[in-house]
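Single-structure report; data block below.
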Amino acid sequence: PYIGGAMSDRFFAVMFTFFLQIPSLAVPIVAELKVPKVQERLGPQQVLQVKGFVGRRLRANRLGYLNTFNIDRYVRMVEEKKHKAWWWIGEQPGKWLESAVRASAQARDRKLERVARRVLRRLVAAQEPNGYLGITDPALRTPTKPLRGMDPYELYFMLHGLLTAYEVWNDYSALSAARKLGDYFTTTIGPGKAEFEPGPKDQTIAGHEVHRGWEGTLLIDPMMRLYEYTGTKRYLEWCVWVVNNIDRWSGYNAFSKLDEVAKGRLGIHEVQPYVHSHTFHMNFLGFLRLYRATGNKGLLRKVTGAWRDIVSRQRYITGGVSVGEHYEPNHNLPLTGNVVETCALMSWVELNQLLLEITGEPKYAEAIELLLWNHIFAAQTPNGAGIRYHTPLNGTKPAGYFHGPDCCTGSGHRLIAQIPTLIFGKGQQGIYVNQYIPSKTRLKVPGTELDCTLTLETLFPEKSLISIHVDPQRPVQFTLWVRIPDWCQQSQLKVNGQVLRPGKPSTYRPIKRIWKKGDTVELNLPMGIDWVFGKHNAEGRVALRRGPVIYAIDTLWWDKDSRAALGFVPEDLGEEVSVAEENLGPRTVLKRLPPPAPGILGPVYEISLRFLDGSTHRVPILPFCNIGHWYRPVS
C-alpha cells in the first residue's frame, strides 16, 4: 500500500503506525521474478544465538559501536537539510538504521531496537512531500540537478535501511517512505529530465567525476529491491533505462566492455579507469537483481566474468580486494599502504552472498569464508569502537583506526551486522549450512509448516570438528546440505555415529533423511598447515596458512628484543604440529602457544626467525584476524 505526498507528514506517520502494521490490513505485493534463488538467507530474527569468536565480535559491534554512535547528529542533518558540501556524510543514517535493525533483532537488544524505531519515525517525518530524504539543502536541488553529487551514494543506504526495517519489522511506514524515495528518483531522473551525466563536482549528480555515472547508476540495487517488495513496474522500467545508458554516461562503453571481461579479453580495470571497487560491486548487485527480474543471462554473465577476473588477479590471500580503492592491472597487490578498503570488503561480501543465493555454487561461500576468518575482523578493534579504512597485510598500527565517522566505519558495522544471516540458507531443495560459526537457528522446514531448530556447535577454525544438532518439531524428511570447503581434501561425515560417504571439496554434501529430534551430524574438516610462497609482486614473501586462516607475525606480541629488528626470513618451525610443504624439505613442526590475551582467535604458534643482523628470535604467529588488537592489554 502506498499513499502519496498529499498527506501531512504527521498524519501519514500516525496512519501507517496505527493501521498498516496490522497484518490483516496490509498485504504486500511481491514482484514475480523470472529467476528463483537456489537458497534464501535467513532473517536476523531467525538466528537465535551466535557464539565463539564471531559472537564476541558481533557483541562488540553492537555495544561498542551501534549503541554508542551519535546517530542523533546525523538524523538532525536529514531533518534540517542544510548540507551543501560534496562530502558523503549523509550515508550515516541509512547505514546505522540498517545495522541497528539487524543487530537488535538478532541479539534481542530491546534498547537498541527502541532507538532504531525512534530513528525510523524521525526519518519518515523528515521526508519531503516530493519524497526526497537526504541532507542536501533545497537551494542546491533544481529540476536539472535534483540530487547533490553524493546524494545517490548516500540515498543508496537510506533506501536499503528503510527496506530492511520493513523486511525485519514488517513496518509499512518504512516501505511507504521507501516508495516515496523511489518515486523521487523516477520522477526527477529519466529521459528528458536529469540524467547521470558526468561532469565537475559542482554539476554532476553522480558522485566522483572519475566514475562518470557509475556512482549514480548504483541506485539500481536498492531500486530493484524495492521492485521485488512492491511489484511496481515503473521501478523495474527505470532500472532498465539506467542500465541501458551506462555505456553513454561512462564515455567508455563500460557496460558493454564487461562482456569482454567475461571472455577473458579485458581486465576489470580496463572497463573504465579508477572506478572504485566498491562502486563496481554495488552496480553488480543491481545487475544481479535485474537478472532475476528479467531473466537476461547477459547480466549474470557480466557479473560472474568480473568476479572471475577479480579472484584470479586482484584478490589477496586473505580474501580482501581493492588497491587504493580500485582494481589494478596484472597481479599488482601491494602488501602495504592503502589496500583492502572496508567499503569494498562490505560490498564484496554482499556480492558473493547474492551470487551464492542465485546460483547455489559453493565457491561464493568460500570467498566469504576467507574474509570471515581473516580480513573482516582484522579491520575491527576487539572492543568494536574502531574500524579501519584500509587494512594492509603488512602495516603499522594503530594507523587507520582514528578516523570518521565516514564511509568505511559505517560499512564496517553494516557488514558485521549482516554476518548472522550468512550462516544458514533455505530453499526448495532443503536447508544449507554455509558458514561454520557456533550458532542456533529456528526456521520452517521447506515445503512444510513445521519448525526445525539447528544448533551448530564448533570451535572452528581453531578445531576441525563441527556438530550440527537437528531438532524438528516432529519427524520430517528434508535435505540438509553441508558445505565441504575447497581447502579440505579429506573430510569425514557421520550422522548419529554412522559413517557416511564424505563430500568432495568445493561442494555441498546433501544428507536426505527423515530427521528426528536429537539427530546429530558430525563433520570433521582437517586443516593442513603449509607455507604459501608469494608470486608476482609478493615474490620472496611467505605466508602461513591453516585451512582458511592466514597467519600474521604481529610485533605487538613480541618481546622487547625481538621488536627491535623487523627484517627477517623464516628459518625453522619449532615443535608440535606437523607441516606438509614440499618446498621446505624434511618434515617440519610448529610449537603451539597459549593465546597472549583474552578473545584471541587461535591457535597461536611459535616460529623461529633469523634477522638481518644474524640473530635468531622465537616469536608468536597469530591468525591475521587478530591484528585489530593494536594495544597491549593492561594486566
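- Using bins of under 30°, 30° to 60° and over 60° for the plane-to-plane angle, the ring pair Y65/H413 lands in the tilted bin.
- Because its NZ or CZ atom is not both nearer than 6.0 Å to the ring centre of W531 and within 45° of the ring axis, R545 does not count as a cation-pi partner of that residue.
- Within the model, atoms CD1 of I135 and CH2 of W87 stand 9.5 Å from one another, a figure rounded to the nearest 0.5 Å.
- Remark: K535 does not engage E539 in a salt bridge, criterion side-chain N to carboxylate O under 4.0 Å.
- In this structure, I416 CD1 and S99 OG are separated by 9.0 Å, a value rounded to the nearest 0.5 Å.
- A distance of 9.5 Å separates CG in L226 from CG in L162, rounded to the nearest 0.5 Å.
- The nearest pair of heavy atoms linking L133 to A126 is CD1-C, 4.0 Å.
- Between E369 and R483 there is a salt bridge, since a side-chain N of the basic residue sits under 4.0 Å from a carboxylate O of the acidic one.
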### Message
Applying ring pair (Phe, Tyr, Trp, His ring centres under 6.0 Å) to Y605 and Y551, what does each step give before you reach the verdict?
### Response
CA-CA 9 Å; Y605 299 113; Y551 276 71; 5.7 Å; yes

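- Salt bridge status for R313 with D309: present, with a side-chain N to carboxylate O gap under 4.0 Å.
- E79 has no carboxylate O lying under 4.0 Å from a charged side-chain N of R76, or vice versa, which leaves the two without a salt bridge.
- Within the 6.0 Å centre-distance limit, the rings of H276 and H211 are counted as a close aromatic pair.
- By the 30° and 60° cut-offs, the orientation of the rings of F284 relative to F280 is parallel.
- Annotation: W307 is in aromatic contact with Y364 [ring centroid separation under 6.0 Å].
- Electrostatic pairing of D109 and R62 counts as a salt bridge here, judged by a charged N lying under 4.0 Å from a carboxylate O.
- Counted within 6.0 Å of CZ on R122, heavy atoms from surrounding residues, nucleotides or ligands total more than 12; the atom is thus considered enclosed.
- Side-chain N/O atoms of D221 and Y156 include a donor and acceptor closer than 3.5 Å.
- Shown here is K51, whose NZ atom has no more than 12 heavy atoms of other residues, nucleotides or ligands within 6.0 Å.
- Classification of the F460-W487 ring pair by plane angle, with boundaries at 30° and 60°, yields parallel.
- With a 6.0 Å radius and a threshold of 12 heavy atoms from other residues, nucleotides or ligands, Y631 has its OH atom above the threshold.
- Checked for salt-bridge contact, K397 and D554 meet the test: a charged N lies under 4.0 Å from a carboxylate O.
- Side-chain rings of H83 and W88 stay apart, their centers remaining 6.0 Å or farther from each other.
- With respect to the salt-bridge test (charged N to carboxylate O, under 4.0 angstrom), the residues E154 and K95 do not qualify.
- For H278 and Y153, the ring centers are positioned less than 6.0 Å apart.
- A distance of 12.0 Å separates OG1 of T381 from CD1 of I627, quoted to the nearest 0.5 Å.
- No hydrogens or angles considered: nothing links the side chains of H326 and S277 as a donor-acceptor pair under 3.5 Å.
- Between the side chains of Q272 and R212, no donor-acceptor pair is found at a separation under 3.5 Å.
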